[in-house]
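A quick write-up on the structure given underneath.
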Amino acid sequence: MATQKLTDYERKRLENIRRNEELMASLKLQSMATQLSASTKRPRVETKSYKVNSEKQPKTQDPTVIRRSLRTRGLPPDAKGLGGDGGDDSVVKTLEYVDPKASARKLGPLSMRDVYSGVSDTALIEAILGVEKKPQLGLEVKGEFGGCKEERSSGAFILVGGVSCDLSKKLEEGGVESDLKVESLTLNEENVARVVPGNVMNVRFFPSTSLRMVVVGNKAGNVGFWNVDSKEGEEGGICMYHPHSGPISGISVHQDCMSKIFTSCYDGFIRLMDAEKEVFDLVYSSGETIYSLAQQSNNAKCLYFAEGRGGISMWDERTGNISAQWSPHDDRINSIDFNSENSNIITTSSTDGTACIWDLRCIDADKFESLKTIGHKRAVHSAYFSPSGRSLVTTSLDDTVGISSGVNFEDISMISHDNNTGRWIPKFKAIWGWDDAYVFIGNKNRGIDVISHLQRRAVFTLKSPYMSAIPCRLAAHPYNVGMLAGATGGGQVYVWTLG
DNA sequence: ATCCAATTTATTTAC
DNA sequence: GTAAATCCAATTGGAT
């Protein structure tokens, strides 16, 4: 096993070196390309787009060389690196080319300004800091939901030590029924923007009713912000940073603290964008890939993330360290989600072909078993609890969307859906809307399929001439019913609204 | 079991 | 207009 690990790390490291060389080559081209495209007219339908500050470009052409040991990369110093067969001196000369713009890999905080791609982000920072000052959260919001949130906050839950109790009462209250008319969802022309270049891996809304802000992360390590209410060309309306050196695997904007935004990356780094300090702090760096990120809704201090091949780690802000670690899956974990009714209940989806529900209170137990395992024939790319916490939707490469509900989630239906997006488009991940009635998922025909929970089939498809690419990643605004964001493999974001 | 090579795929950008 | 480039997926089928 140890020797196996060694070769894994070796391979990974060599890959890194090769990639950095490739990166260097591509960066030159890219910076030239962005300069060019910035000076020419932007074609196509999009009305809004991120900006690149050409004055900053020369910086990218001035690469520096840094030396990094295994230790500084967060890898264990013993056994795996130098200790082993010692004959490989490439371990010693681990030189990596890093340009300032991609200094994303720096093992320390990054100034937001240094990784900002435009001229001025002060408007964005002001907007983010401004929303914190306004009264926000529960009380105000609940009223708008016609009791949806009220229902959530009441009632003791569900799964205790693997045995669920009294869900029937909840079922009677409805939740599978909905007042939402999906046919009324519309995409207005002004609600289309190119927020980042390339594949959007992750899209989130700010959990705010006053500030309608979308955050996206792409494959190149860019994090983009779009204030949906901004005017075209408005300074700070669309802002882009480059705090990471690889695909962004997770973004968490906690409702209790929106000025601090966690982002995770395949390169093993987790950063915290602090709008007050105007930095992307480095909160964690791992030698292994980080595949997803999640927070409990009632705890902004803790972070759960998927690390390496099947592992989950919990990071605690109070200690600044990992406070728990376990390995619930045999392969990469593609999503983590908490149950809104009980934050001890967590669900994970994995490339090992399963999605599982766990009780965090049992992770120290001798036999730590999942409360429920949903099996697919291929990799599962997402598993999300419904707003009520009573159902689960899973999306798998076996071309199904699974909806599990009922006591102990035993009532499972698999709905056929073409999820084979191929290489260039990030994998679909079905999400819930604003109640337990509907699930939304992009399709390969540039639409968003609406699956009825009750009917267990797609009942409607959102289509629009403005949605000119596949909306592979979706987000439902947590408070604003009917506000649905779709993000594409080309960096566009579409925000559907009600009326 | 693990590894390699070939293949598929959508969108942007280059020409 | 069309062709080339993208390049941290996930197969499948062949090799070891």
Side-chain angles (χ1 to χ4, degrees), chain A residues 1 3-8 10-46 49-50 52 102 104-105 194-202 217-221 244-250 264-269 286-292 306 308-309 330-332 334 350-353 376-381 395-399 418-429 442-447 467-473 486-494:
Chain A
M1 194 61 185
T3 55
Q4 193 57 59
K5 276 272 181 181
L6 173 68
T7 59
D8 282 349
E10 285 297 309
R11 195 179 333 113
K12 194 166 188 175
R13 191 177 45 70
L14 290 170
E15 268 179 307
N16 274 336
I17 295 169
R18 180 183 54 77
R19 279 207 306 273
N20 278 309
E21 286 168 351
E22 287 176 358
L23 184 68
M24 274 311 298
S26 68
L27 269 169
K28 285 213 177 93
L29 293 172
Q30 206 169 41
S31 60
M32 285 164 64
T34 45
Q35 275 178 324
L36 270 175
S37 66
S39 61
T40 55
K41 272 177 293 188
R42 202 164 269 284
R44 302 222 174 221
V45 291
E46 76 244 21
S49 165
Y50 63 91
V52 174
R105 299 199 81 119
R194 186 175 307 273
V195 184
V196 289
N199 298 58
V200 174
M201 303 285 287
N202 225 293
N218 74 358
K219 219 166 201 175
H244 286 287
S245 67
I248 307 282
S249 54
S264 64
C265 180
Y266 277 22
D267 68 6
F269 287 27
S286 164
E288 298 194 271
T289 312
I290 294 171
Y291 288 109
S292 62
R309 203 182 155 113
D330 299 328
D331 212 329
R332 59 182 271 184
N334 299 305
S350 168
T351 297
D352 70 10
H376 279 272
K377 294 190 186 72
R378 293 198 191 290
V380 188
H381 269 268
T395 307
S396 169
L397 262 45
D398 68 3
D399 283 342
D418 182 3
N419 297 330
N420 182 17
T421 54
R423 178 178 189 176
W424 307 117
I425 303 298
K427 303 290 176 278
F428 293 147
K429 295 174 179 232
N443 69 29
K444 288 165 75 177
N445 201 25
R446 299 172 180 176
M467 199 155 75
S468 55
I470 297 175
C472 51
R473 295 289 160 98
T488 73
Q492 281 184 302
V493 179
Y494 315 107

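Remember, it's a predicted structure, so these values are computed and weren't measured experimentally. Throughout, a chain's letter reflects where its sequence line sits, starting with A, and its residues are numbered from 1.
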- Note on the structure: In short, A:D330 meets A:R309 closest at the heavy-atom pair O-NE, 3.2 Å

- Message: Please confirm whether the shortest side-chain N or O distance from A:R423 to OP1 or OP2 of B:dT11 is below 4.0 Å.
- Response: no

- Expressed in angstrom and rounded to an integer, what is the separation of A:I425 atom CD1 from B:dT9 atom P? 12 Å

- Task: Without swapping roles, check the side chain of A:N419 against the backbone of A:S396 for a donor-acceptor pair under 3.5 Å.
- Result: yes

- Query: Rounded to whole angstroms, how far apart are CG on A:D399 and C1' on C:dA9?
  - Reply: 15 Å

- Message: Could you tell me how far apart A:I290 (CD1) and C:dC8 (C1') are, to the nearest whole angstrom?
- Response: 14 Å

- Query: Got a sec, which residues hit salt bridge (Lys or Arg N to Asp or Glu O under 4.0 Å) with A:K444, two or more places apart in sequence or on another chain?
  - Reply: A:D418

- Message: Could you check whether any side-chain N or O of A:D331 sits under 3.5 Å from a backbone N or O of A:T351, counting only pairs where one atom can act as donor and the other as acceptor?
- Response: no

- Task: Take atom NZ of A:K219 and atom P of C:dA5, then tell me their distance rounded to the nearest Å.
- Result: 19 Å

- Message: In this structure, how many angstroms lie between the C1' atom of C:dC8 and the OH atom of A:Y291, rounded?
- Response: 8 Å

- Query: Should A:S468 and A:Y494 count as side-chain neighbours, where that means a heavy-atom distance under 4.5 Å?
  - Reply: yes

- Among A:I470, A:T421, A:N199, find the one that has a side-chain contact (heavy atoms from CB on, under 4.5 Å) with A:P426. A:N199

- Mind calculating the distance between NZ (A:K444) and C1' (C:dA9) to the nearest angstrom? 13 Å

- To the nearest Å, how far apart are A:M201 CE and B:dT11 C1'? 16 Å

- Message: Donor-acceptor pair, distance only, cut-off 3.5 Å: does the side chain of A:D352 make one with the backbone of A:R332?
- Response: no

- Query: Is the distance from OP1 or OP2 of C:dA9 to the nearest side-chain N or O of A:Y266 less than 4.0 Å?
  - Reply: yes

- With C1' as the reference atom in both, quote the distance from B:dT13 to C:dC8 in angstrom, rounded to an integer. 22 Å

- Query: Please give, in whole Å, the distance from B:dT11 C1' to A:R473 CZ?
  - Reply: 16 Å

Give each protein N/O atom lying under 3.5 Å from an N/O atom of nucleotides 10-12 of chain C, with the pair distance.
from, atom 1, to, atom 2, distance (Å)
C:dA10, OP1, A:H381, NE2, 2.6
C:dT12, OP1, A:R378, NH2, 2.9

- Item | Aromatic stack A:W424/C:dT6: centroid gap under 5.5 Å, interplanar angle under 30° | yes

- The reported gap from OG1 in A:T488 to CE in A:M467 (rounded to nearest 0.5 angstrom) is 10.5 Å

- Would you check if there is a donor-acceptor pair between the side chains of A:S292 and A:S249 at a distance under 3.5 Å? no

- Tell me, what's DNA chain B's dot-bracket, Watson-Crick or G-U with both distances under 3.5 Å, | for other-strand, [ ] crossing? ||||||||.||||||

- Task: Pick the C1' atom in C:dA10 and in B:dT12, then give their distance to the nearest Å.
- Result: 23 Å

